[in-house]
Visitor: 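Let me begin by handing over the structure; questions about it come next.
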Amino acid sequence: ESLCDHFHESQTTMDPKEPGYQAVYLRIYKKVVAKVKKELKDNDLWSLYEELELPLVTALAEMEAHGILVDPKKLSVISQELEATMEKLTETIYAEAGEEFNINSPKQLGVILFEKLGLPVLKRTKTGPSTSAEVLEELSDHPIVASVLEYRQVAKLKSTYTDSLAELISPETKRIHTTFNQTVTATGRLSSTHPNLQNIPVRTKEGRRIREAFVAPEGHVLLMADYSQIELRLLAHLSGDQVLAEAFRSGQDIHAQTAAEVFGLDLDEVTDEERSAAKAINFGIIYGISSFGLAKGINLTRAQAQEYIDSYFLRYPMVKVYLDGLVEQGKKEGYVQTLSKRRRYLPNLKSRNYALRSFAARTAMNTPIQGSAADIIKLAMLKVYRALKDAGLKTRLLLQVHDELVLETPLDELHLAAHLVKKQMEEVYPLDVPLKVGVFYGPNWRDVKSFDYEE
DNA sequence: GCGATCAGCC
DNA sequence: GTTTCTGCTGATCGCG
């Protein structure tokens, strides 16, 4: 800190062109380097820095510089269709409301829905009745609400994705060049800005259309490789729970298996509804479970949610021991850590404020899982990057989306590249359970099909 | 300029 | 003491 102060002072008092400025700068810089290096070594973080994060910089820089090809004509067609849909919906909404107003304003929308039309207020924000999708879905029997939900979806796609993305296509490369930030998240994940290419729609059919505009150049295809259930697999590994580990070794549908365990059924008796509840429980476990959160997620009473959680921990006892241990370790040491020793300090585990303390406890449970997944995919990126180079292939990494890599590959390299990527990702860091990677390819980011072993 | 709200992804 | 289940980015509104 004193070095930083000193540096700040020199920066403001000295002209960078003044002789001696660079000498001062370098002297301070060297001291800071030595200090940070010692701190990393003292905290057992040196190899994380030197062997993972530092070499990853090069791979990320190349990904950013290379960019991903985007077809502006496709974006523009989608944009015009969205525009037409928005105009229709706007007319419908005005007619149903009996007046014109700004549909984009939650405040003005609230006046129409809750005052003029007298719909019930199911939830409030700090500033007034909530108009979130969660609330509107409960009220969607009213035609105006259904139209507003659709309007919101279309407006989001148009403003965030079609129009903004088009502006970010480089005139020189015809590509979009995102920035991957390596130092913003608390867990070790990357983030992506200008634009954020880690939140391109995929969930709905309409949203997925955006992905059609992300294309491979002539003679190439996009290659996608994603880890299947990496966080739950890490939970099995980190907790040592043999029931969960065996579930993954069996290769069966993990959510259905969880349903069978939790509800005491045979695997073939599990209904879609039970599987879907089990999926919510699995997500909850990864996020740092609370009965409150689970109840909200799948419309249960808190008591029912607590029963599900109790039943889960009865079937996966080592998971319970592991998660409790994380909170304990966080309290004792002040931090929790990932596979690579990356730390997250959680002082609020000792807070007297229940909300803060609970949040910190959920963070203590989530960070080692989410952060270790981030460690693994970063290491996999490095291995893929180096293996492609060593093999003399032209295949390039383009994007990372937390548990997925997107690459661009010449058609005549597809077979080699697909096998190389799958192997590097699956064998990156052997765990007690296998890591499974799905590989897909296609002319654009939407229309991809599974790459089969025979190919 | 900034906080609040909402919505996109994992 | 009575929680809005992790981690992010970004568009928009509306106040100051």
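On a predicted model such as this, the values are computed, not experimentally measured, just so you know. Throughout, a chain's letter reflects where its sequence line sits, starting with A, and its residues are numbered from 1. Only heavy atoms go into these numbers, but all of them, side chains included; no hydrogens, no water, no symmetry mates.
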Visitor: With heavy atoms under 4.0 Å as the rule, sort A/Arg152 into base, sugar-phosphate or nothing.
Guide: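 Sugar-phosphate contact only - A/Arg152 comes under 4.0 Å of backbone atoms but never of a base.
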Visitor: Assess the side chains of A/Asn181 and A/Thr183: does a donor N or O sit below 3.5 Å from an acceptor N or O?
Guide: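 Yes.
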Visitor: Drop me the distance from A/Glu51's CD to A/Trp46's CH2, to the nearest 0.5 angstrom.
Guide: 10.5 Å
Visitor: Atom NZ of residue position A/Lys350 - does it have more than 12 heavy atoms of other residues, nucleotides or ligands inside 6.0 Å?
Guide: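 Atom NZ in A/Lys350 is not packed in, count stays at 12 or less.
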Visitor: Please determine whether a side-chain nitrogen of the Lys or Arg among A/Glu426 and A/Lys422 lies less than 4.0 Å from a carboxylate oxygen of the Asp or Glu.
Guide: yes
Visitor: For A/Ile286, which contact category applies under a 4.0 Å heavy-atom criterion: base, sugar-phosphate, or nothing?
Guide: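 The residue A/Ile286 makes no contact with any strand.
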Visitor: Kindly check if the number of other-residue, nucleotide or ligand heavy atoms within 6.0 Å of CD (A/Glu273) is above 12?
Guide: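 Result for CD/A/Glu273: open.
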Visitor: Distance check needed: C/dC5 P versus A/Gln306 CD, whole Å only.
Guide: 14 Å
Visitor: Would you find more than 12 non-hydrogen atoms of other residues, nucleotides or ligands less than 6.0 Å from A/Tyr429 atom OH?
Guide: no
Visitor: Which of the following nucleotides, C/dT3, C/dT4, C/dC8, is nearest to the side chain of A/Lys296?
Guide: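 Selected nucleotide: C/dT4.
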Visitor: By the 4.0 Å heavy-atom rule, please label A/Arg208 as base, sugar-phosphate, or nothing.
Guide: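 It contacts nothing in the nucleic acid.
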Visitor: NE2 of A/His194 versus P of C/dT9: gap in Å, rounded?
Guide: 10 Å
Visitor: For nucleotides B/dT5 and C/dT4, find the distance between their C1' atoms and express it as a whole number of Å.
Guide: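 It comes out at 15 Å once rounded to the nearest Å.
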Visitor: Send over the distance from A/Asn353 CG to C/dT2 P, rounded to a whole Å.
Guide: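 It works out to 8 Å between those atoms.
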Visitor: Any side-chain N or O of A/Thr185 under 4.0 Å from OP1/OP2 of C/dG7?
Guide: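 No.
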Visitor: Reading DNA chain B from 5' to 3', where do the contacts with chain A start and stop? Cut-off is 4.0 Å to heavy atoms.
Guide: B/dA4 to B/dC10
Visitor: Let me know the distance between CG of A/Asn348 and C1' of C/dT3, rounded to the nearest Å.
Guide: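 In whole Å, C/dT3 C1' and A/Asn348 CG are 14 Å from each other.
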Visitor: Without decimals, in angstroms, what is the distance between A/Ile285 CD1 and C/dC5 C1'?
Guide: 10 Å
Visitor: Measure the spacing between OG of A/Ser140 and NE2 of A/His142 and express it to the nearest 0.5 Å.
Guide: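 Here the rounded value is 11.5 Å.
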Visitor: Flag as yes if A/Tyr287 stacks onto the base of C/dT6 (centroids under 5.5 Å, planes under 30°), otherwise no.
Guide: yes
Visitor: Yes or no on side chain to side chain donor-acceptor pair (under 3.5 Å) for A/Thr178 and A/Ser192, after CA distance, side-chain angles and deciding distance?
Guide: CA-CA 7 Å; A/Thr178 186; A/Ser192 156; 2.8 Å; yes
Visitor: Select base, sugar-phosphate, or nothing to describe what A/Ile200 touches, counting heavy atoms under 4.0 Å on all strands.
Guide: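 Touches sugar-phosphate only.
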Visitor: What are the atom names and distances for every N/O pair under 3.5 Å that joins the protein to nucleotides 11-15 of chain C?
Guide:
unit_1	atom_1	unit_2	atom_2	d
C/dA11	O3'	A/Ser159	OG	3.4
C/dC13	OP1	A/Asn102	ND2	3.0
C/dC13	O3'	A/Ser105	OG	3.2
C/dG14	OP1	A/Ser105	OG	2.4
C/dG14	OP1	A/Gln108	NE2	3.4
C/dC15	OP1	A/Lys107	NZ	3.1

Visitor: Hey, does the side chain of A/Arg302 come within less than 4.0 Å of C/dT4's phosphate (OP1/OP2), counting only N and O?
Guide: no
Visitor: Mind calculating the distance between NZ (A/Lys378) and C1' (C/dG7) to the nearest angstrom?
Guide: 13 Å
Visitor: Does A/Thr193 use its side chain to pair, donor to acceptor, with the backbone of A/Asn196 at less than 3.5 Å?
Guide: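 Absent.
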Visitor: Below 4.0 angstrom, N of the basic side chain to O of the carboxylate: do A/Lys123 and A/Glu138 qualify?
Guide: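 No, no charged N to carboxylate O under 4.0 Å.
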Visitor: Taking the nucleotide of DNA chain C with the nearest heavy atom to each, does A/Glu134 or A/Gln198 sit closer to the 5' end?
Guide: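 It is A/Glu134, whose closest nucleotide lies nearer the 5' terminus.
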Visitor: Listed in order of residue number, which residues of residues 359-373 of chain A have a non-hydrogen atom at under 4.0 Å from DNA chain C?
Guide: A/Phe359, A/Arg362, A/Thr363, A/Asn366, A/Gln370
Visitor: Starting at atom CD of A/Glu231, determine the distance to atom C1' of C/dG7, rounded to an integer number of angstrom.
Guide: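 That distance rounds to 9 Å.
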Visitor: Measure the distance from CG on A/Leu346 to P on C/dT6 and round it to the nearest whole Å.
Guide: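 One finds 13 Å between P of C/dT6 and CG of A/Leu346, rounded.
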Visitor: Does A/Asn348 use its side chain to pair, donor to acceptor, with the backbone of A/Ser351 at less than 3.5 Å?
Guide: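 Looks like no, no N/O pair under 3.5 Å.
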Visitor: Among the nucleotides C/dG7, C/dC5, C/dT3, which one has an atom lying closest to any side-chain atom of A/Ala280?
Guide: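 Out of C/dG7, C/dC5, C/dT3, the nucleotide with an atom closest to A/Ala280's side chain is C/dC5.
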Visitor: Heavy atoms only, 4.0 Å cut-off, all strands: where does A/Ala186 land among base, sugar-phosphate and nothing?
Guide: sugar-phosphate
Visitor: Has the side chain of A/Gln257 got a donor or acceptor atom that lies under 3.5 Å from a matching backbone atom of A/Ala247?
Guide: yes
Visitor: Heavy-atom count check: over 12 atoms from other residues, nucleotides or ligands less than 6.0 Å from A/Lys436 NZ?
Guide: no
